[in-house]
Amino acid sequence: MKLLVTGGAGYVGSVCAARLVESGHEVVVLDDLSTGHADAVPEGARLVEAGIDEAIGGLLAEGFDGVLHFAAKSLVGESMQDPAKYWHGNVVTSLRLLDAMREHGTPRLVFSSTAATYGEPDQVPIPETAPTRPTNTYGATKLAIDHAITGYAGSHGIAAVSLRYFNVAGAHGRFGERHGVETHLIPLVLQVALGQREQIQVYGEDWPTEDGTCVRDYIHVSDLADAHLLALEHATPGEHRIYNLGNGFGFSVKQVVDACREVTGHPIPAVVAPRRAGDPAVLVASSEKARTELGWKPERTDMVGIVRDAWEFTRSLRGA
Ligand SMILES: NC(=O)c1ccc[n+]([C@@H]2O[C@H](COP(=O)([O-])OP(=O)(O)OC[C@H]3O[C@@H](n4cnc5c(N)ncnc54)[C@H](O)[C@@H]3O)[C@@H](O)[C@H]2O)c1
Ligand SMILES: O=c1ccn([C@@H]2O[C@H](COP(=O)(O)OP(=O)(O)O[C@H]3O[C@H](CO)[C@H](O)[C@H](O)[C@H]3O)[C@@H](O)[C@H]2O)c(=O)[nH]1
């Protein structure tokens, strides 16, 4: 297939673009490099360095079999301080993309949604039928886009799939996580091991969990990429399918830090800090639907293995 990958110079998009190229697809990456890196675009893919708003119409006029839409603003804290950046950058931009797909008859869409669409869950593991009550602007914009996709798919025959990622982690060879402003736990802990930061702050030790720290469902980015390939195969015209992607079990912040100590051999000093606003205690996915309907089976579920891949990638960046 000829596929357009928006945000393919970013973390998840570059890994998926690499997997698509490996699988024999023709890949064009559309990325404005606002948080991505040109050298993260895999060999064999064409990079169009531009924003979606200005370039999408001209590009889709070339004729594509589908779009994988990763491009977004995705910092939860920033989304609360500057909501306009998120409503415009995520929702308005995605509407432009949907309108261009409709105009040019682009048949398939796979969209990066998020666990943040659910907010504080009533039950864990979280199924797709759980109430969607996002607690931050980032999650609200992703939910709004999901609603728009449902409408466009139903009315204009687009075969659409939204994948709600839980906590993405790990690396796929030379493709990994290098956000300019890093807020995610594993890369921050690895920065301590590299001597770039003195200690890791553990945001709260008084949560209602076994060891008192927050629990999250960490999904290896290569398993995530597999799900995108399956989503493309199973997408059905006129339908908008929504799938959670997680391993179905959680690791606490302390367990993640311990795994990083084991992999790096560094003591990684940790200090307890106040809770971070908006953090739920436990987020774990039920991904039964993706397993049953897509035949998806995450294979890299061991935390030490996930951290090892992230560590190798992080060290390679430093030429270590
Ligand atoms: N990383 C996670 O843990 C996680 C979890 C849930 C959902 N997601 C979603 O997955 C997607 C990818 O996340 P990521 O961690 O790879 O982020 P990222 O910041 O590394 O990648 C986003 C990419 O999109 C590009 N971009 C942003 N706005 C653009 C625009 N208007 N036009 C063209 N390019 C644009 C950026 O330059 C960047 O390369 C996002 O939609 C994010 O919301 C990520
Ligand atoms: O320095 C840090 C950084 C994080 N944490 C904790 O580590 C856990 C994981 O935090 P991350 O920031 O790595 O990830 P989040 O769970 O906050 O966010 C992830 O899940 C969200 C869904 O709620 C969105 O999908 C978002 O894009 C995705 O990164 C949280 O309990 C957080 O409080 C710390 O203790 N110290």
Side-chain angles (χ1 to χ4, degrees), residues 5-16 29-38 40-41 48-56 68-77 79 85-86 88-90 92-94 96-97 111-121 126 134-136 138-139 141-142 145 163-169 175-189 191-192 197 199-205 207 209 213-219 221 224 245-246 250-254 256-257 270-273 275-283 285:
V5 178
T6 75
Y11 170 39
V12 184
S14 66
V15 172
C16 289
V29 167
L30 173 60
D31 199 301
D32 64 5
L33 304 184
S34 53
T35 58
H37 308 267
V41 175
V48 176
E49 188 184 329
I52 291 178
D53 290 354
E54 59 263 29
I56 193 67
L68 293 100
H69 180 35
F70 299 94
K73 311 290 165 219
S74 59
L75 297 176
V76 171
S79 78
K85 182 170 177 181
Y86 282 71
H88 285 279
N90 290 350
V92 175
T93 297
S94 296
R96 291 234 164 85
L97 167 68
F111 172 60
S112 301
S113 188
T114 168
T117 52
Y118 295 114
E120 186 79 49
I126 304 171
T135 52
N136 53 63
Y138 164 65
T141 63
K142 289 284 181 170
I145 299 164
L163 299 175
R164 291 191 172 155
Y165 315 159
F166 281 60
N167 288 58
V168 190
F175 304 99
E177 194 164 9
R178 44 179 168 144
H179 296 122
V181 182
E182 194 50 77
T183 60
H184 291 129
L185 179 63
I186 294 175
L188 287 176
V189 176
Q191 287 178 6
V192 179
R197 169 181 298 270
Q199 58 196 20
I200 186 74
Q201 295 190 321
V202 175
Y203 296 146
E205 213 178 21
W207 295 93
T209 60
T213 64
C214 285
V215 169
R216 294 288 181 274
D217 187 335
Y218 292 87
I219 168 88
V221 69
L224 205 65
L245 296 180
F251 290 94
S252 71
V253 173
K254 279 188 178 166
V256 171
V257 175
V271 291
V272 179
R275 290 182 176 195
R276 186 171 66 177
D279 267 347
V282 180
L283 281 180

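Quantities reported herein were computed from a predicted structural model and do not represent experimental measurements. One-based numbering, in listed order, for ligands and for the atoms of each.
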For [atom], find the nearest protein heavy atom and state the residue, atom name and distance (0.1 Å precision).
{"atom": "atom 32 (N) of ligand 1", "value": "Ile52 N, 3.1 Å"}
{"atom": "atom 2 (C) of ligand 2", "value": "Tyr203 CE1, 3.3 Å"}
{"atom": "atom 36 (N) of ligand 2", "value": "Gln201 O, 2.7 Å"}
{"atom": "atom 31 (O) of ligand 2", "value": "Cys214 CB, 3.0 Å"}
{"atom": "atom 16 (O) of ligand 1", "value": "Val12 N, 2.8 Å"}
{"atom": "atom 33 (C) of ligand 1", "value": "Asp32 N, 3.3 Å"}
{"atom": "atom 17 (O) of ligand 2", "value": "Arg276 NH2, 2.7 Å"}
{"atom": "atom 24 (C) of ligand 2", "value": "Thr114 OG1, 3.4 Å"}
{"atom": "atom 23 (O) of ligand 2", "value": "Leu283 CD1, 3.2 Å"}
{"atom": "atom 12 (C) of ligand 1", "value": "Phe70 O, 3.6 Å"}
{"atom": "atom 4 (C) of ligand 1", "value": "Val168 CG2, 3.8 Å"}
{"atom": "atom 26 (C) of ligand 2", "value": "Tyr138 CE2, 4.3 Å"}
{"atom": "atom 22 (C) of ligand 2", "value": "Ala116 N, 3.5 Å"}
{"atom": "atom 38 (C) of ligand 1", "value": "Thr35 OG1, 3.1 Å"}
{"atom": "atom 28 (N) of ligand 1", "value": "Lys73 NZ, 3.5 Å"}
{"atom": "atom 39 (O) of ligand 1", "value": "Asp31 OD2, 2.6 Å"}

Subject >> Closest approach of Val41 to Gly8 (non-hydrogen atoms, all atoms of both residues) >> reply: CG2-O, 4.2 Å
Is any side-chain heavy atom of [X] less than 4.5 Å from a side-chain heavy atom of [Y]?
{"X": "Tyr218", "Y": "Leu185", "value": "yes"}
{"X": "Glu177", "Y": "Ser14", "value": "no"}
{"X": "Arg164", "Y": "Thr114", "value": "no"}
{"X": "Thr209", "Y": "Cys214", "value": "no"}
{"X": "Phe166", "Y": "Ile126", "value": "yes"}
{"X": "Arg216", "Y": "Asp279", "value": "yes"}
{"X": "Pro187", "Y": "His179", "value": "no"}

Would you mind listing which atoms of ligand 2 come within a distance below 4.0 Å of any non-hydrogen atom of [X]?
{"X": "Ile200", "answer": "1 (O)"}
{"X": "Ala115", "answer": "22 (C)"}
{"X": "Val202", "answer": "35 (O)"}

**OP:** Consider ligand 2: state whether an atom of it lies below 4.0 angstrom from any non-hydrogen atom of Tyr118.
**Re:** no
Going by distance only, is there an N or O of [X] that falls short of 3.5 Å from an N or O of ligand 1?
{"X": "Tyr11", "value": "yes"}
{"X": "Ser34", "value": "yes"}
{"X": "Ala71", "value": "no"}
{"X": "Gly51", "value": "no"}
{"X": "Gly10", "value": "yes"}
{"X": "Tyr165", "value": "no"}
{"X": "His179", "value": "yes"}

Original post:
What part of Lys142, side chain, backbone, both or neither, has a heavy atom within less than 4.0 angstrom of ligand 1?
Top reply: side chain
Subject >> Side chain, backbone, both or neither: the part of Tyr138 lying under 4.0 Å from ligand 1 by heavy atom >> reply: side chain
Tell me the nearest of [options] to [atom], using heavy-atom distances.
{"atom": "atom 14 (O) of ligand 2", "options": "Asn167, Leu75, Val215", "answer": "Asn167"}
{"atom": "atom 1 (O) of ligand 2", "options": "Thr213, Ile186, Leu188, Thr183", "answer": "Leu188"}
{"atom": "atom 29 (O) of ligand 2", "options": "Glu120, Arg164, Arg197, His184", "answer": "His184"}
{"atom": "atom 33 (O) of ligand 2", "options": "Val282, Val192, Val257, Asp279", "answer": "Asp279"}

**OP:** State the atoms of ligand 1, each with its element, that fall below the 4.0 Å cut-off from a heavy-atom position in Phe166.
**Re:** 5 (C)
Original post:
Which of the atoms of ligand 1 are close to Thr114, meaning less than 4.0 Å from one of its heavy atoms?
Top reply: 6 (C), 7 (C)
Original post:
Is there a nitrogen or oxygen of Tyr218 sitting under 3.5 Å from a nitrogen or oxygen of ligand 2?
Top reply: no
Original post:
Can an N or O of Leu185 be found at a distance shorter than 3.5 Å from an N or O of ligand 2?
Top reply: yes
I'd like to know if [X] contacts ligand 1, where contact means a heavy-atom distance under 4.0 Å to any ligand atom.
{"X": "Ser113", "answer": "yes"}
{"X": "Thr6", "answer": "no"}
{"X": "Ala50", "answer": "yes"}

Original post:
Where does the angle between the aromatic ring planes of Tyr86 and Tyr138 fall among parallel (under 30°), tilted (30 to 60°) and perpendicular (over 60°)?
Top reply: perpendicular
Original post:
Using heavy atoms and a threshold below 4.0 Å, how should the contact between Arg275 and ligand 2 be classified: side chain, backbone, both, or neither?
Top reply: neither
Original post:
If only atom types and distance count, is the side chain of Thr6 paired as donor or acceptor with the main-chain N or O of Phe70 below 3.5 Å?
Top reply: yes
**OP:** Can you spot which of Thr35, Asn90, Thr141, Thr93 makes a side chain to side chain contact (heavy atoms under 4.5 Å, CB included) with Lys73?
**Re:** Asn90
